[in-house]
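Would you mind keeping the following structure in view while I ask a few things?
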Protein chains: 2
Amino acid sequence: MKRLGIPQYLDGRTGDKTLSKAVNRALLLHLLREKGACSRASLAKDSGLNKVTVSSQIAELIELGIVKEIGVGASELGRKPIMLEIAGEAGYALGLSISTTGLFVVAMDAAGKIDRSDFFPIEVHTPEAVIDAIVSVTRNAKRRYRQAKFGLFGIGIAVPGTIDQGTRRVVCSAKLGWEDVPFSEDLAKVFGGILHVGNDATLATIAEHELNAPEADDFVCLLIDEGIGSGAYINGAIHYGHNGQFGEVGHMTVVHDGLRCPCGNTGCWDLYGSELALRQALGTARGGKIPDAEELLTLAASPPDWSQEAFSNFVDYLISGIVSIMNAMAPSMLVINCAVLSASPAMFEAVKAGVASRALAHTHVCEIRLSSLGKTAPAIGAAMAAKDRFFEGLIVNET
Amino acid sequence: MKRLGIPQYLDGRTGDKTLSKAVNRALLLHLLREKGACSRASLAKDSGLNKVTVSSQIAELIELGIVKEIGVGASELGRKPIMLEIAGEAGYALGLSISTTGLFVVAMDAAGKIDRSDFFPIEVHTPEAVIDAIVSVTRNAKRRYRQAKFGLFGIGIAVPGTIDQGTRRVVCSAKLGWEDVPFSEDLAKVFGGILHVGNDATLATIAEHELNAPEADDFVCLLIDEGIGSGAYINGAIHYGHNGQFGEVGHMTVVHDGLRCPCGNTGCWDLYGSELALRQALGTARGGKIPDAEELLTLAASPPDWSQEAFSNFVDYLISGIVSIMNAMAPSMLVINCAVLSASPAMFEAVKAGVASRALAHTHVCEIRLSSLGKTAPAIGAAMAAKDRFFEGLIVNET
DNA sequence: GGCAATTTGTTTGTTGACTTTACAAACTAT
DNA sequence: ATAGTTTGTAAAGTCAACAAACAAATTGCC
């Protein structure tokens, strides 16, 4: 297993006793979360810490209620170990993802197990309507989990737009038609716990990273639906960028002097490689109705003759953009969350082959995978982000 | 001043006493390097450490020879402080930058002051010839600085290509025509100190960051000469990328179905926005000789009519690529090292204006500057990188 | 000049988290 | 039953940071 670096949330501290303790606690919680059930002895071996240190830290974590003993385990020889585990039932996080059609909601326990997963349609997506829906969902969850030690300890919200992590306002969401919405301020009034608001692609990246390659230090995730967004782990940490605006790869120029984009630029990737662009191209190709998201997948699965060119162009533009990202950022793994590619293995293979032939040589070490999470990725990532914050709190605040 | 995060080279350690000490030493050396002369008391105030802790650490650093007392300073009231400073003369680093025409060499003392700066022309640039030249330069420097406590403690080498930071081999340099050269292995035989080999754009980025905006956490530097390379500080740390191949922005696709690039891709930015591309375009425009690097600058400074279109296209392609980088990476500052733009303030202004009008809204907070270092940036950055490694050694090894 | 106030830097002793050493408990194999 | 092994705890030791007290040096005011 990859050795944990000293986490960023411990930055800006001096080297005193509390730092030692926090670093070691972070290390132990990391191992417990990654490995699942394990004993004090194996934690000591894997962490490099002394047995005694592990025992005393674990005693405190059990006292806190976040770790529990789950009985004795097996052993080849000698005394049987007392197995430990994160106490999932200690508390719960909610992950929400806002789209134009509704709210994806995921409830996750402290151990990362998904407890439930829902979709709530909403008619209008004004900030008020969305906040109302979120408040109602939150209230229900708070009630449902009130018996847990930490109850509903946090909410993560995935927004298709840019969020200033300082003020936590939604700076802009073209998809929802929002501009400078003091989203979390309103929510903080009704929910006192952890509130993490983030870009949907960034949060989806957290989920894909956790499930696909938690050990990959340089990891990029592409979210291709109406537009194209991305997120990245860099040097082992999720990256928000200046003002939380990292990852608007949909507005990279891929066609010089190309179509005019509402963003102000011309020839943006969004206008050629997104599902929206593809649907429009398909509509033009058959000289009729633009297919909706559902029909799109049917067409992708077995493309009729008239659609071949549109699909093939789509693949071409995807390759262009992906090659740009690979060459510029040199990730060790790239995960693509795209319903069309998931529906058509042939198209995904074409993308992989195209990228392999056109990207710089190092590509042979950059694996490209399809997401297995689909539309729920941002909500799952949002819950994970809230959960991560919760554990940070256990490390930073509880000495 | 920005508070130092816990440095990455301390990752992978457990929280014991040595970590505390290392963190505090890193903090103190950081302050001493950034602030210049200062007293124990002011270090205590700025670091948040106890006076006693500062005094004992400083005593060890003075014992090591890397810090010195430089006499008493001024004070408004009370006892006058004993001023401290990094002992520059304690040791020296050499920074070298390999180009097709020769070797830029910079000698830098431990405090970061440039002691000398030279250029050694070389006729051929085979690995053997270059290594010979480097060995000779190194030998001289070693002799020159032999009286210093740490002598010539390190060398940094900037290579126009990709370097695997694990094996430290030059994976590929298109410009030099090198492939898989075990460069540092050969050098390590004749020089036992710190040997840092890196990509030229990455190392130039270190120099530009240090001198332009050391406090910028998200910083991108573009190096535009024969090709286009880049480097970036992300989350406050220079980023090498998987296999050290981050930053090949010259091979982002900016023209769909564009010119075929030797790299395997088509429509690469390199083929449209580099100085080489510009010189070729100028040659075509006047239907005659391709201008050399020197003439290029004369033309840029006062462009004749026949050259206008070529220059204007060049600016256009630069804008395209820069907008892509800004939107994808969201840096808070971008420095451009490009002789043509330095020669023509008007063109630079046109680039800035174009980017401002085409990049996403957050751009108003991303300042764009021209490099003040020019061709020596990679060599200076190489020396800085070696020097940084030296200080890391003082922190990690000397308990 | 003498004394209070202030700032710098050191001396002395305390604290706390980790480590080492020793040991008890529990288990397997012979 | 006994030896050997592994797990986990208890007691004692270590070390770097911290806190309090103090010495040294300087300014300002009477």
Side-chain angles (χ1 to χ4, degrees), chain A residues 6 10 13-28 31-32 37-63 67-85 395-396 398-399, chain B residues 6 10 13-28 31-32 37-63 67-85 395-396 398-399:
Chain A
I6 295 174
L10 295 178
R13 296 171 57 149
T14 60
D16 56 7
K17 288 185 261 278
T18 69
L19 181 72
S20 293
K21 198 170 177 186
V23 166
N24 291 339
R25 179 166 292 188
L27 191 50
L28 290 173
L31 287 171
L32 274 163
C38 54
S39 68
R40 290 170 177 82
S42 76
L43 284 173
K45 193 183 275 175
D46 292 344
S47 66
L49 290 168
N50 191 284
K51 291 194 295 178
V52 183
T53 309
V54 173
S55 282
S56 85
Q57 286 262 20
I58 292 295
E60 286 182 40
L61 292 172
I62 290 177
E63 177 69 22
V67 170
K68 62 180 176 185
E69 298 187 336
I70 54 168
V72 294
S75 78
E76 302 270 300
L77 195 66
R79 176 173 166 180
K80 285 192 166 63
I82 305 170
M83 302 308 277
L84 303 164
E85 205 178 68
I395 292 162
V396 172
E398 316 284 336
T399 297
Chain B
I6 295 173
L10 296 178
R13 297 172 56 147
T14 60
D16 56 9
K17 288 185 270 274
T18 70
L19 180 74
S20 292
K21 198 169 178 187
V23 166
N24 290 339
R25 179 166 291 187
L27 190 51
L28 290 172
L31 287 171
L32 275 163
C38 53
S39 68
R40 289 169 177 82
S42 75
L43 283 173
K45 194 185 277 177
D46 291 343
S47 66
L49 291 169
N50 191 282
K51 290 194 295 179
V52 184
T53 307
V54 173
S55 283
S56 85
Q57 285 261 20
I58 292 294
E60 286 182 41
L61 292 172
I62 289 176
E63 176 68 24
V67 170
K68 63 180 175 184
E69 297 188 337
I70 54 168
V72 295
S75 77
E76 302 270 300
L77 193 66
R79 176 173 166 180
K80 286 191 166 65
I82 304 169
M83 303 307 277
L84 304 164
E85 205 178 69
I395 292 163
V396 173
E398 316 284 335
T399 296

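Every chain is numbered from 1, with letters handed out A, B, ... down the list of sequences.
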Problem - Separation of D:dA16 P from B:R13 CZ (nearest whole Å) - result: 12 Å
Fill in the blank from the handout: Those residues at least two apart in sequence (or on a different chain) that pass side chain to side chain donor-acceptor pair (under 3.5 Å) with A:E69 are A:R40
Handout entry: Under-4.0 Å salt bridge between A:R25 and A:E60
Key = yes
Handout entry: Side chain of B:A41 - closest among D:dG8, C:dG9, C:dT10
Key = C:dG9
Dump the pairs, protein N or O against N or O of nucleotides 27-30 of chain D, anything under 3.5 Å, distances to one decimal.
| residue | atom | partner | partner atom | Å |
| --- | --- | --- | --- | --- |
| D:dT27 | OP1 | B:K80 | NZ | 3.3 |

Completion exercise
Here the distance between atom C1' of C:dT7 and atom CG of B:L43, to the nearest Å, is 15 Å
Handout entry: Heavy-atom donor-acceptor pair, A:R79 side-chain to D:dT6 base, under 3.5 Å
Key = no
Practice task
Could you tell me the separation between the CG atom of B:L49 and the CD atom of B:Q57, rounded to the nearest 0.5 Å?
Solution key: 8.0 Å
Problem - Atom-to-atom span, CZ of A:R40 to C1' of C:dA26 - whole angstrom - result: 15 Å
Extract from the structure each pairing of a protein N or O with an N or O of nucleotides 16-18 of chain C at less than 3.5 Å, listing the distance.
| residue | atom | partner | partner atom | Å |
| --- | --- | --- | --- | --- |
| C:dC18 | OP1 | A:N24 | ND2 | 2.5 |

Problem - Interatomic distance, A:L19 CG vs D:dC18 P [rounded to whole Å] - result: 11 Å
Practice task
Give a yes/no on whether any side-chain N or O of A:S55 is located under 4.0 angstrom from OP1 or OP2 of D:dG8.
Solution key: no
